[in-house]
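Heads up: the structure comes next, in structure tokens.
Atoms considered below: every heavy atom in the structure, side chains included; atoms not considered: hydrogens, waters and symmetry mates. In this text the structure is predicted, and so the values were computed from the model without any measurement. Residue numbers start from 1 in every chain, and the chains themselves are labelled A, B, ... in the order their sequence lines are given, proteins ahead of strands.
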Number of protein chains: 2
Amino acid sequence: MTVRPTDTKEEILRLGTELIQVYGYNAFSYADISKELDIKNAAVHYHFPGKEDLLAGIIDQYIQRYKELGEKINAPGITAKQKLDVFISRYTDLCEQNKICIIGSVCSDYNTMPESVKAKLGELIEMVLGMVEKVLQQGKKNGELDFPETARVKSLLIMTNLAAGVQLARITGKKDYMAICKSIIDQVST
Amino acid sequence: MTVRPTDTKEEILRLGTELIQVYGYNAFSYADISKELDIKNAAVHYHFPGKEDLLAGIIDQYIQRYKELGEKINAPGITAKQKLDVFISRYTDLCEQNKICIIGSVCSDYNTMPESVKAKLGELIEMVLGMVEKVLQQGKKNGELDFPETARVKSLLIMTNLAAGVQLARITGKKDYMAICKSIIDQVST
DNA sequence: AAAGCCACTTACTAAGTAGTAAGTATTTCC
DNA sequence: GGAAATACTTACTACTTAGTAAGTGGCTTT
């Protein structure tokens, strides 16, 4: 009804995600967020008492988005190859913005994190791997895709190619990343 | 001749490397190093004036070690497959110690680093990729290995599998990493 | 219209951060 | 034996960090 005012909490989540993808979890502070959003750091603490709570919120949001993506690609008329493209394009988007996958970013700091966050990260990864696995399985079954590995292992191979691919792209440039993407497609093509 | 006293500088480099691999670059401080080595933080600053200098030193040491590895595996009588195993076992060692590859670790914080360090990282990566590429090329030439991609692209695929593989292993366990390693070998086997 | 909640701000603290200037003990060189 | 270099320690500073307690203004509910 009324024009919704800027949702501060949403903005914090959005900016926090970006900061993790661009600079890393332990490289940004609440001050970075409050300055950018022109609020006081106490306002950030109001929504997320500790930095761990913010990280948990960010991961939760990610899980939510992947759930939505999962429903979206379950729509009829989408080929397995197209579904795979959707996943790849998510990483390509990151690459284009000089960002890296949040899982890979947070992984460096994994051992500085509380168990609750570690568990959430595990949940997120299993979900993503599970979705890719399902797509690969379907594609293999209907003859659209082919590969010698099991769908689970192939999903591990593809996801590690993509995750480390965007990391590598920061240093050696996008060309290497693009070559990786092409190979991923080629490897599963019939 | 005389018993060499503990080389403080070497110890700092060793511990710094470990801290990056275990906790990440932006997650450790000079205090962590000085406490562990039972010296004062000023002693760390004496050897490495700034944290960037320490990181540069660590990467330099890594480059040096890979150069040595390069000479070692150029010895006669070593098959391409064995050479590839040497690379893989380096990552398997990391995985066993719950560490991650220094390149992957530093990559999250890449955008917080000075150009000098970025350049060194690029040098390190090109070197490692170049070595793997050479091994693959040789193996393909003498019929020991086979793969559809170019040696360069295959080295990208293998290195991203390994780098992100050890990251993943932190969260989902070593089983996934082992499956990745097995697939890497299978994919290039004739 | 009073009471209460929400989303903040004001104002602060304790601890940790990288970094430095000056001093000291020990060895090395001439 | 004196000078200089090496490898530190002592003692500190300026700054940033996450985090908090108390207050405020506006909106809603009763």
Side-chain angles (χ1 to χ4, degrees), chain A residues 1-20 22-59 105-106 108-117, chain B residues 1-20 22-59 61 105-106 108-109 111-117:
Chain A
M1 288 206 250
T2 57
V3 176
R4 189 141 60 96
T6 343
D7 190 327
T8 306
K9 193 171 183 177
E10 284 291 309
E11 283 290 289
I12 295 170
L13 283 173
R14 185 194 56 74
L15 183 56
T17 303
E18 195 178 315
L19 288 168
I20 289 177
V22 177
Y23 301 108
Y25 176 70
N26 278 315
F28 80 90
S29 72
Y30 271 29
D32 294 324
I33 291 178
S34 57
K35 269 181 215 155
E36 176 75 24
L37 299 183
D38 201 33
I39 54 177
K40 302 297 158 184
N41 77 66
V44 187
H45 282 284
Y46 171 75
H47 291 288
F48 303 98
K51 212 178 166 184
E52 298 161 359
D53 301 298
L54 174 55
L55 181 57
I58 289 170
I59 298 172
S105 179
V106 164
S108 323
D109 309 282
Y110 188 73
N111 292 320
T112 71
M113 280 160 201
E115 291 305 317
S116 57
V117 171
Chain B
M1 283 198 261
T2 56
V3 176
R4 189 139 62 95
T6 342
D7 190 328
T8 305
K9 193 171 183 178
E10 284 291 309
E11 284 290 287
I12 294 170
L13 283 172
R14 184 194 56 75
L15 184 56
T17 304
E18 195 178 316
L19 287 168
I20 289 176
V22 177
Y23 301 109
Y25 176 70
N26 278 315
F28 80 90
S29 72
Y30 271 30
D32 293 324
I33 291 178
S34 58
K35 269 181 215 156
E36 177 74 25
L37 299 182
D38 202 31
I39 53 177
K40 301 298 157 184
N41 77 64
V44 186
H45 281 285
Y46 171 75
H47 290 289
F48 303 99
K51 211 178 166 184
E52 297 161 0
D53 301 299
L54 174 54
L55 181 57
I58 289 170
I59 298 173
Q61 200 184 48
S105 179
V106 164
S108 322
D109 309 282
N111 292 321
T112 71
M113 280 160 201
E115 291 305 317
S116 57
V117 170

DNA chain D: 5'-proximal contact among A:Ala27 and A:Ala42 (nearest heavy atom):
A:Ala27
For the side chain of A:Ala31, counting heavy atoms from C-beta on, which of D:dT17, D:dT9, C:dT17 is nearest?
D:dT17
Could you state the CG-P distance from B:Asn41 to D:dA7, rounded to the nearest angstrom?
18 Å
Among the nucleotides C:dT17, C:dC8, D:dT6, whichever has the atom closest to the side chain of B:Tyr46 is D:dT6
A:Asn26 atom CG is separated from D:dA18 atom P, nearest whole Å, by 9 Å
Contact check, side chains of A:Tyr30 and A:Leu54, non-hydrogen atoms, under 4.5 Å:
yes
List the atom of B:Ala43, the atom of B:Ile12, and the distance in Å for their closest heavy-atom pair.
O-CD1, 4.5 Å
Should A:Thr8 be listed as having a side-chain N or O under 4.0 Å from OP1 or OP2 of C:dA7?
no
How far apart are the closest heavy atoms of A:Gly57 and A:Leu13, and which atoms are they?
C-CD2, 3.6 Å
Determine whether B:Tyr46 and B:Lys9 make a side-chain contact, defined as any pair of heavy atoms from C-beta on separated by less than 4.5 Å.
no
Taking 4.0 Å as the cut-off, does a side-chain nitrogen or oxygen of B:Ser29 come that near to OP1 or OP2 on C:dG16?
no
Step through the shown structure and confirm whether more than 12 heavy atoms of other residues, nucleotides or ligands are within 6.0 Å of NZ on B:Lys40.
no
Interatomic distance, A:Asp32 CG vs D:dA18 C1' [rounded to whole Å]:
13 Å
How long is the line joining CZ of A:Phe48 and C1' of C:dC8, in whole Å?
15 Å
Nearest-angstrom distance from the residue atom NE2 of A:His45 to P of C:dT13
16 Å
From C:dA11, D:dC8, D:dA18, pick the nucleotide closest to the side chain of A:Tyr30?
D:dA18
Rounding to a whole Å, what distance do you find between A:Glu52:CD and D:dT17:C1'?
14 Å
Presence of A:His47 side-chain N/O under 4.0 Å of C:dC8 phosphate oxygens OP1/OP2:
yes
Separation of atom NZ in B:Lys51 from atom P in D:dT16, rounded to whole Å
16 Å
In whole angstroms, the gap separating P of C:dA18 from CG of B:Leu19 amounts to 11 Å
